[in-house]
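Heads up, the thing below is written out as structure tokens.
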Amino acid sequence: MPEQPWSYGLFIPHDPRAVGVVRATIRSVLAAARLDCIVDTVELLASELVTNAYRYSDADAYVSMDWEPGDFRVSVWDHGGGSPKPRSADADDEQGRGLALVESCADEWGVRDYPNGKNVWFRLATKREG
């Protein structure tokens, strides 16, 4: 019997603790799905996107995790304006490297603008363990 795609979603308040909640949720979901091979990367990249949503928006956000055989996607919707772009690492700048990490670690990533905000997402190829 083929495996069915699944999706989890999490509304997060505009609260700095939300990043930790998202990280813990990702670890739990991926462990239950036997996708331990990508958990560290997903946790890091999702943390960057949720941190950006908190930093550049003043409202709640939404995180979705979607899996279908061979593909795992995380999307973060927020109400911030503008289309973020990766910045190169500058020795004097301690911020702004998150999207560069996403760009270098994800198989694919992007931004979709909407009238009331945006969706920043990334995708990783997956292979189930066990």
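The analysis underlying the following values was restricted to heavy atoms, covering all of them including side chains, and did not include hydrogens, waters or symmetry mates.
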Is there a path of hydrophobic side-chain contacts, each under 4.5 Å between heavy atoms of I, L, V, M, F, W or Y residues, that connects V29 with L44?
-> yes
Identified side-chain contact (heavy atoms from CB on, under 4.5 Å) counterpart of S47 within the set V19, V22, I26, L101 | V19
Following the transitive rule for hydrophobic clusters with a side-chain heavy-atom cut-off under 4.5 Å over Ile, Leu, Val, Met, Phe, Trp and Tyr, establish whether W77 and V111 coincide in one cluster.
-> no
Just by distance, do the side chain of S28 and the backbone of A24 share a donor-acceptor pair under 3.5 Å?
-> no
Within a radius of less than 6.0 Å around OH of Y8, do more than 12 heavy atoms belonging to other residues, nucleotides or ligands occur?
-> no
With no hydrogens and no angle check, do the side chains of T126 and W67 hold a donor and an acceptor under 3.5 Å apart?
-> yes
Report the C-alpha distance between T25 and M65 in whole Å, list the side-chain angles of each, state the deciding distance to 0.1 Å, and finish with yes or no for side chain to side chain contact (heavy atoms under 4.5 Å, CB included).
-> CA-CA 10 Å; T25 302; M65 296 167 271; 3.9 Å; yes
Determine, step by step, whether F122 and W109 satisfy the ring-ring contact (aromatic ring centres under 6.0 Å, His included) criterion, reporting the C-alpha distance in whole Å, the side-chain angles of both residues, the deciding distance to 0.1 Å, and the verdict.
-> CA-CA 4 Å; F122 67 87; W109 78 281; 9.6 Å; no
Atom pair CD (Q4) and CD (E68), whose distance is rounded to the nearest 0.5 Å | 11.0 Å
Which distance, rounded to the nearest 0.5 Å, do you find between the OG of S64 and the CZ of R73?
-> 9.0 Å
Find out whether L49 and L99 are in side-chain contact, i.e. whether some heavy atom of one side chain is under 4.5 Å from a heavy atom of the other.
-> yes
Quick one: does L45's side chain get under 4.5 Å of V74's, heavy atoms only?
-> no
Is it true that a side-chain atom of H14 and a backbone atom of S57 form a donor plus acceptor pair closer than 3.5 Å?
-> yes
May I ask whether L35 and V39 are part of the same hydrophobic cluster, defined by side-chain heavy atoms of I, L, V, M, F, W, Y residues being less than 4.5 angstrom apart, directly or through others?
-> yes
Does one hydrophobic cluster hold both W6 and L124, with members joined at side-chain heavy-atom distances below 4.5 Å?
-> yes
Is the shortest heavy-atom distance from the side chain of D36 to the side chain of L30 under 4.5 Å?
-> no
Step through the shown structure and confirm whether more than 12 heavy atoms of other residues, nucleotides or ligands are within 6.0 Å of CZ on F11.
-> no
If we only count heavy atoms from C-beta on, is the V42 to F72 side-chain gap below 4.5 Å?
-> yes
For E48 and G98, which heavy atoms make the closest approach, and how far apart are they?
-> OE1-CA, 3.2 Å
I12 with W121, same ILVMFWY side-chain cluster at under 4.5 Å | no
Y114 side chain near N119 side chain, heavy-atom distance below 4.5 Å = yes
State whether the side chain of D71 and the backbone N or O of A125 hold a donor-acceptor pair below 3.5 Å, judged by distance alone.
-> no
Quick one: are E43 and R27 in side-chain contact, heavy atoms under 4.5 Å?
-> yes
Please tell me if the side chains of V120 and N52 come closer than 4.5 Å, counting only heavy atoms from C-beta onward.
-> no
